[in-house]
Protein chains: 2
Amino acid sequence: MTSQDVILGMLMLRSCSGYDLKMRFEAVFSYFFDASYGTIYPTLAKLEKDGLITKESVAQEGKPNKNVYSITERGRAAFESYLNSDIQNDAIKSDYLVRLFFGEMVDPAVLIGWLEKGIEKTERQAAKLQADYERWEAGMSPSQRICIEIGISNYTSRLEVLRRGLARLKEALEKE
Amino acid sequence: MTSQDVILGMLMLRSCSGYDLKMRFEAVFSYFFDASYGTIYPTLAKLEKDGLITKESVAQEGKPNKNVYSITERGRAAFESYLNSDIQNDAIKSDYLVRLFFGEMVDPAVLIGWLEKGIEKTERQAAKLQADYERWEAGMSPSQRICIEIGISNYTSRLEVLRRGLARLKEALEKE
DNA sequence: TACAGCATGTAACTTGTTACATGATTCG
DNA sequence: CGAATCATGTAACAAGTTACATGCTGTA
């Protein structure tokens, strides 16, 4: 899976500008994919050059013009071929869990701070995803629902573990 | 967080060869970090050149020699400085969830196959991590326990969602 | 003898990030 | 007027992957 595949997939669902794509990635994909403008725009240019998508300049009221891209037949075929390729392993780089792993090397107060910050952040992420789910659920396909439920359950289960862990740590500290 | 930081962290815990590091990453880190030999060996070479670690060749019985690396004072300082830097956001690239997101575009039988494969794989991952936990728990720090519990709860919660989702899909298919 | 595990490394390549650069429009 | 949002793009750089290359030892 490359950014190219994901962009083609989004354009299968509907035509988008580069800016639209970024917004959508942040809204729906945040917990399993991300692409920066530095990836999106060059990829769109390449895709157009290769004839997998076409560009159309669209004027807007009260906003700058935007370049809306649509998928072509060749683009559909390329996406089809991605869907039939082997599924790659998840690639996860979690700085947060790496820190926790080495948490014995910092002052307990620092570690507790990490846990508290982690809990707050995860709460925000879970709430946002939950809200997105409730808002968009009606228009989602069954597999999209599974997708977003995995995201939510990930956050909520992480939250439980963090809270329990924090309580355990504080208890141990007070006993000393 | 770069591979360099994580390698320094591992060498804070104990001296290792490149091969050892790879084994450890696979055993304990698999759900939040990974590095290939193509990353590990060049990084070790650079770290040694920069004076953050030292190399010692160790002969072994029945096995090839290995280069065991140990962290230096400068290396400790570098790792310390990583521990005090801002925590970066998790970076997750999940081809599996991307496929699910676009699951409406494939035949329902294919989608069901993806879910079944996903369930089997997640079961294996959860079982492996659980076994690792039981085996190493005694020697783990409190924060390492939180870390591995997050991994396990991630897998188990994903499993539940996948199973429920699969059941829902099958039900919907039979009604037609 | 062939395969699996142990062990180290390189080089070309792909990918993506960060920072920079620009500019229109709306709202307070 | 300044900040925020909408909108597009580039260039230098960092990072990591993949495939290749080598060679030992133990076991079936």
Side-chain angles (χ1 to χ4, degrees), chain A residues 1-8 15-27 29-30 32-50 53 55-69 82 85-86 88-95 98, chain B residues 1-8 15-27 29-30 32-50 53 55-69 82 85-86 88-95 98:
Chain A
M1 174 201 53
T2 59
S3 300
Q4 177 171 325
D5 300 317
V6 183
I7 289 173
L8 283 178
S15 297
C16 289
S17 68
Y19 192 82
D20 291 341
L21 285 170
K22 176 70 176 159
M23 295 301 105
R24 282 161 178 280
F25 288 157
E26 279 170 9
F29 277 50
S30 54
F32 61 88
F33 181 81
D34 176 56
S36 64
Y37 288 125
T39 299
I40 292 172
Y41 287 117
T43 302
L44 286 171
K46 183 182 178 293
L47 250 19
E48 195 202 0
K49 204 192 79 189
D50 294 347
I53 61 178
K55 176 164 72 175
E56 189 192 0
S57 186
V58 173
Q60 300 181 105
E61 289 171 33
K63 290 180 193 172
N65 288 6
K66 62 179 176 179
N67 299 327
V68 174
Y69 293 89
Y82 158 68
S85 68
D86 287 349
Q88 304 297 301
N89 290 327
D90 290 7
I92 303 174
K93 301 252 163 183
S94 173
D95 192 14
V98 168
Chain B
M1 174 200 53
T2 59
S3 300
Q4 177 172 324
D5 300 317
V6 184
I7 288 174
L8 283 178
S15 297
C16 289
S17 68
Y19 192 81
D20 292 341
L21 286 170
K22 177 70 175 157
M23 295 301 105
R24 282 162 179 279
F25 288 157
E26 279 170 9
F29 277 48
S30 54
F32 61 88
F33 181 81
D34 177 55
S36 64
Y37 288 125
T39 297
I40 292 171
Y41 287 117
T43 302
L44 285 172
K46 184 183 177 292
L47 249 20
E48 196 203 0
K49 204 192 78 190
D50 294 346
I53 61 177
K55 175 164 73 174
E56 189 193 1
S57 186
V58 173
Q60 299 181 103
E61 289 172 33
K63 289 179 193 173
N65 287 7
K66 62 179 175 179
N67 300 328
V68 174
Y69 293 89
Y82 158 68
S85 68
D86 286 349
Q88 304 297 302
N89 290 328
D90 290 6
I92 303 174
K93 301 252 161 183
S94 173
D95 192 15
V98 167

Checking A:Asp5 now: which residues fulfil salt bridge (Lys or Arg N to Asp or Glu O under 4.0 Å) with it, not counting sequence neighbours? none
Less than 4.5 Å apart, any side-chain heavy atom of A:Asn65 and any of A:Val58? no
Protein within reach of the bases, or only the backbone? For nucleotides 11-22 of chain C, mark each nucleotide 5' to 3' as B, S or -, using heavy atoms under 4.0 Å. ----SSBB----
Give, ordered by number, those residues of residues 57-66 of chain A having at least one heavy-atom distance below 4.0 Å to an atom of DNA chain D; if nothing qualifies, reply none. A:Gln60, A:Lys63, A:Pro64, A:Asn65, A:Lys66
Those residues that, when tested against [X], pass side-chain hydrogen bond (donor to acceptor under 3.5 Å, both in side chains) (two or more places apart):
X       : result
B:Lys63 : none
A:Asp34 : none
B:Glu26 : B:Lys22
B:Ser3  : none

I'd like to check the side-chain contact (heavy atoms from CB on, under 4.5 Å) partners of [X]; sequence neighbours left out, ordered by chain and number.
X       : result
B:Ser15 : B:Val68, B:Ser70
B:Asp20 : B:Cys16, B:Ser17, B:Lys66
A:Ser30 : none

Using whole Å, report how far [atom1] of [X] lies from [atom2] of [N].
X       : N      : atom1 : atom2 : answer
A:Lys55 : D:dA7  : NZ    : C1'   : 13 Å
B:Lys46 : D:dG16 : NZ    : C1'   : 14 Å
A:Asn67 : C:dA24 : CG    : P     : 16 Å

List every contact pair, protein side and nucleotides 3-5 of chain D side both N or O, where the distance is under 3.5 Å.
none

For DNA chain C, whose closest nucleotide is more 5', that of B:Tyr69 or that of B:Met23?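 Closer to the 5' end of DNA chain C: B:Met23.
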Considering residues at least two apart in sequence or located in another chain, which fulfil the ring pair (Phe, Tyr, Trp, His ring centres under 6.0 Å) criterion with A:Phe25?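 Scan of A:Phe25 (ring pair (Phe, Tyr, Trp, His ring centres under 6.0 Å), adjacent residues dropped) gives A:Phe29, A:Phe33.
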